[in-house]
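A short worksheet on the structure shown next.
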Amino acid sequence: MVPRDWIGGVLKPLVFVVSLVPFAWIVWRAFANDLGTNPIETLNRYTGDWTLRFLLITLAVTPLRRISGWHWLIRLRRMLGLFAFFYACVHFLTYALLDQYFNLPEILKDIAKRPYITVGFASLLLLIPLALTSTNAMVRRLGGRRWQRLHRLVYLISVGGVVHFLWLVKSDIREPALYALILAGLLGYRLWWELRGATRAAGGQA
Amino acid sequence: MLIKKPAEISSSEITPAHIYHERRRFLRDAIAAGIIGAVPGLTPAEAAVLPSSGKLAGVRKGSVTIVDKVTSYKDVTTYNNFYEFGTDKSDPASNARGFRTRPWTIAVEGACRRPAVYQLEDFVRPYALEERIYRMRCVEAWSMVIPWVGFPLAEVLKRAEPTSRAKFVEFTTLHDPEQMPGQRPGLLGTGLDWPYVEGLRLDEAMHPLTILAVGVFGEVLPNQNGAPLRLVVPWKYGFKGIKSIVRIRLVERQPLSSWMQAALHEYGFYANVNPRVDHPRWSQARERRIGEDGLFSAKRETLMFNGYAEQVASLYTGMDLRKYY
């Protein structure tokens, strides 16, 4: 068993710093003028990629914990989820501030008219209540059951995120398909777990 | 002590770009007014000789030009949509490096009196090479300014003598999965049917702005830009500019282009640059000029027919451009 303070004192800060590396790296490249021919597109795609990655990493915590028995993983989940929210916000800002240049009517038109932006924006909005209720105090206030029910929104959000990517690409769907496959695995595992649990609860020892 | 070195040319002495570029308009107007003699007929010395790489000789400065700043060679040759060589913008520059553009044949066929299959060198020889600096607007809402070297497609078509049945022109790219990794059948593939096909209405194809390009920046076209021969139609979205052409066919019916086949509700046959008609996934009202519009600048307004309305709008008189997008 891993000692408690080792997780809080070493592992958590380490994961925090590592999670910031992608952000630091792109900021560095921006200042080094190394964002390629279309810098805004680079920033936008990069932050979108990392949002999806952190969503999937967060969703991987529970299956990994159950399979490996490393229950301390759960103590990293909130932070990983908040990083997904962080990258989603930066992603949105690269779009709203850099790509659209604060053009609010144009942004609203995009959200209303372009399905991939509608889905992406809806997913971002749904992440907000999850981020706001991520504190211990909010978990207590809501009560574990209600909190958990609310936080199951992350399944919908992740599907929204992958669909957002899928609908963005012009014809080569290989990359979003890979994200979809991993997400399907992570959600499929939960479904399998639930069904198995239900069979057990029903006394199905067959 | 800080000694300030005076600038060699004070900024007040520099001719403003818009006036500098006016010289071309002056020349054009002078030619039109007959002040400068008419361009003499094509002499054998002007006939195009096409090397397989390097500088192109005897390129005439074009009569058609614009005041926009030309995009850098690096951006033009490293940021390409050429799905035959991969779907990332940087893929073509690395994957097309070993692409063989010699020997190369071009078939001109279909509804014409003089169909023929040409070796590339013979195909290009009769035409005088001319520089054309055009805006290039991608359907993805970015744009460049590219100094092409080529010749009007009209001359090729006239030489083939289209019959009265010829209403459209269909172009086809080389199909060679061995050399073009994007054409290889895969688990999911790149989503397009190969070979790439594009088309123009005959009057669009005959328009003096429509060219076949064999070079950029005075040099032989790099492979990633569509070597050895590509189409350039400056008032249409970039994907109409089919690359590495092997067949030009005069046809009676409107061709089905590759992008129409992939997503008909997104890509129409005409694909004219039009800020008022959006692509379902992108607003077409504005565009980002590659290399100029930096991280912290707003996009620029897209011009009707990419700024070539004066020359081409009459081709579409009475057409509902919302319907024929």
Side-chain angles (χ1 to χ4, degrees), chain A residues 26-27 29-47 49 90 93-120 163-181, chain B residues 71-81 83 86-91 93 138-144 182 186-194 196 239 258-259 261-263 265-267 278-301:
Chain A
I26 200 71
V27 170
R29 278 174 57 190
F31 278 102
N33 220 344
D34 182 33
L35 293 177
T37 302
N38 196 341
I40 293 174
E41 184 190 53
T42 305
L43 281 179
N44 195 245
R45 284 297 297 269
Y46 181 91
T47 52
D49 283 348
V90 179
L93 288 177
T94 62
Y95 160 75
L97 301 187
L98 300 179
D99 190 44
Q100 291 292 8
Y101 205 66
F102 308 99
N103 191 336
L104 194 62
E106 207 53 49
I107 293 169
L108 293 175
K109 227 166 72 185
D110 257 1
I111 292 171
K113 276 179 78 174
R114 327 231 170 268
Y116 86 95
I117 296 183
T118 314
V119 172
V163 168
H164 170 65
F165 190 13
L166 195 68
W167 284 353
L168 158 77
V169 298
K170 271 161 75 181
S171 76
D172 183 2
I173 60 161
R174 285 174 295 184
E175 217 181 314
L178 182 65
Y179 283 100
L181 202 69
Chain B
T71 306
S72 77
Y73 181 86
K74 184 173 175 276
D75 286 344
V76 170
T77 57
T78 56
Y79 192 77
N80 308 101
N81 273 327
Y83 280 15
T87 50
D88 259 17
K89 301 281 193 293
S90 57
D91 284 344
C138 179
V139 73
E140 298 163 3
W142 53 266
S143 61
M144 293 184 179
L187 183 59
L188 292 156
T190 43
L192 287 179
D193 280 342
W194 307 111
Y196 196 81
F239 67 87
S258 293
W259 281 106
Q261 192 169 13
H265 60 289
E266 295 189 30
Y267 306 95
D278 283 350
H279 182 278
R281 283 180 286 168
W282 300 282
S283 161
Q284 297 294 21
R286 283 174 194 77
E287 69 200 50
R288 190 167 302 284
R289 180 64 52 83
I290 295 297
E292 278 190 71
D293 299 344
L295 266 187
F296 301 104
S297 54
K299 287 186 269 199
R300 62 186 66 197
E301 306 267 329

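Just the heavy atoms: all of them, side chains too, but no hydrogens, waters or symmetry mates, feed the values below. Since the structure is predicted, the reported quantities are computational estimates derived from the model, not experimental observations.
Ranked by non-hydrogen atom pairs under 4.5 Å with chain A, the options B:Y267, B:W259, B:W282 are led by B:W282. Per-residue heavy-atom pair counts under 4.5 Å with chain B were compared for A:D99, A:L168, A:D110, and the maximum is reached by A:D99.
Applying the salt bridge (charged side-chain N to carboxylate O under 4.0 Å, His left out) rule to B:D88 yields no partners; only residues at least two apart in sequence or on another chain are considered. Considering only residues two or more places apart in sequence or on other chains, A:E41 meets the salt bridge (charged side-chain N to carboxylate O under 4.0 Å, His left out) condition with none of them.
Closest approach of A:P115 and B:P280 over heavy atoms only: CD-O, 4.3 Å. Considering every non-hydrogen atom in both A:T37 and B:T78, the closest pair reads OG1-OG1, 3.9 Å. When every heavy atom of B:A298 is checked against every heavy atom of A:Y101, the shortest pair comes out as CB-CD2, 3.3 Å.
Side-chain contact between B:R281 and A:K170: present, with at least one pair of heavy atoms (C-beta onward) separated by less than 4.5 Å. By the 4.5 Å heavy-atom criterion applied to side chains, B:T87 and A:V169 are not counted as neighbours.
Note that the OG atom of B:S297 and the CD1 atom of A:I40 stand 6.5 Å from one another [nearest 0.5 Å]. Interatomic distance, A:N38 CG to B:Y79 OH, rounded to the nearest 0.5 Å: 3.5 Å.
Not one N or O on the side chain of B:R286 forms a donor-acceptor pair closer than 3.5 Å with the backbone of A:Q100.
For B:E266, no part sits under 4.5 Å from any heavy atom of chain A, backbone or side chain. Proximity to chain B (any heavy atom under 4.5 Å) is restricted, for A:N103, to the side chain, taken from C-beta onward. In this structure, chain A has a heavy atom under 4.5 Å from the side chain of B:K89, while its backbone stays farther away. Looking at A:I117, neither its backbone nor its side chain comes within 4.5 Å of chain B, counting heavy atoms on both sides. Residue contact with chain B, scored on non-hydrogen atoms closer than 4.5 Å, involves the side chain of A:E106 exclusively.
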